[in-house]
Amino acid sequence: MRSLPAPLLLITDRTQTPRPLVETVAAALEGGCRWVMLREKYLPPDELLALAREIAALTSARGATLSINSDMAAAKALKAGLHLPTGGKPLAARAALGPGALIGQSAHNLQEAEKALDTGADYVTLSPIFASASKPGYGPALGIEGLRKAAARLQIPIVALAGIDAGNAAACLRAGASAVAVMGGVMRADDPAAEVRALLAALEQTAT
C-alpha cells in the first residue's frame, strides 16, 4: 500500500471560513498541517486554478502536499494530487497525471471503497464516520466500529472523514484509518493553527 503524505488532511471550504481561504490555509500550515485538499465546488475553472496556484505556493513553502478535488486540469498544471468523487476513474486520472500522482477517491460505504481499490485509487476517504454538518445526506454515520470493519477488509489506506475532532481523531487511527480528514472544524475555527495543533497532538497519542 502507498503511504499517505501525512496523518491529517485538511479539506477546504471557503464558504465556512470567516476569513479569506488563503489566510485560513496559511494558518493551518503554520500549525503543522502538511496535506491540503482544495475542494472548492462551483468555482469557474480559471478562478479555481488561480486559487490553486496561491494555495500551491503556500504548501510548497511548507513542504506540504496539495491535492485538488475533481479538477484534473488544475492538478496536472500544478503537479498536484487529485481526489475523485465516488464513481470517478482513477486509472484514467493516472494515465493523465503520471504514475507518481497521488490519486484518491471518495467512498461512503464498504462497497464503494472496494471499487475504488479495484480501479486503482491510492487511498479512499470514508465518510461519514461521525455526524457532521459538512457531510449531510450520506446516510447514518459509520462510527468507529464501521471504520474498523472497513479497515479489516480493505488493502488500501483509509482517510476517516466527517465529524473528526481532537477528541476522536486518535480512535480513528486505532480503528485502522491511515489518516483523518477535517474540514469545518478548522475552516470555522477562530484560530486554525491552534485547532490543527490540537488535532496533531491527539494523533500523536497513537504513536506512543
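What you see is a predicted model, and the numbers here were worked out from it, not measured in a lab.
Between Leu4 and Ser178, the closest heavy-atom pair is CD1-CB, 3.7 Å. Counting all heavy atoms, side chain and backbone alike, Pro5 lies closest to Thr65 at CB-OG1, 3.4 Å. Considering all non-hydrogen atoms of both residues, Ala28 and Leu10 come closest at CB-CD2, 3.6 Å.
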Expected list for residues 160-174: side-chain donor-acceptor pairs under 3.5 angstrom, two or more places apart:
unit_1	atom_1	unit_2	atom_2	d
Asp165	OD1	Gly167	N	2.9
Asp165	OD1	Asn168	N	3.1
Asp165	OD1	Asn168	ND2	3.4
Asn168	OD1	Asp165	N	2.9
Asn168	ND2	Gly163	O	3.0

Check residues 111-121 and write down every donor-acceptor pair under 3.5 Å in which the side-chain atom is one partner and the other belongs to a residue at least two apart or another chain.
unit_1	atom_1	unit_2	atom_2	d
Glu112	OE1	His108	N	2.7
Glu112	OE1	His108	ND1	3.3
Glu114	OE2	Arg153	NH2	2.8
Thr119	OG1	Lys115	O	2.9
Thr119	OG1	Ala116	O	3.3

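Side chains of Leu102 and Trp35 form a contact here, defined as non-hydrogen atoms less than 4.5 Å apart. Using a 4.5 Å heavy-atom threshold, the side chains of Ile129 and Leu147 count as touching. In this structure the side chain of Leu9 reaches within 4.5 angstrom of the side chain of Ile11, judged on heavy atoms. Considering only heavy atoms from C-beta on, Val159 stays 4.5 Å or farther from Val124 through its side chain.
For the residue pair Thr12/Glu40, the side-chain donor-acceptor check at 3.5 Å is satisfied. Side chains of His83 and Ser70: no donor on one and acceptor on the other come within 3.5 Å.
For residues 84-107, every residue pair satisfying the salt bridge (Lys or Arg N to Asp or Glu O under 4.0 Å) rule, not counting sequence neighbours, is listed here: Arg94-Asp122.
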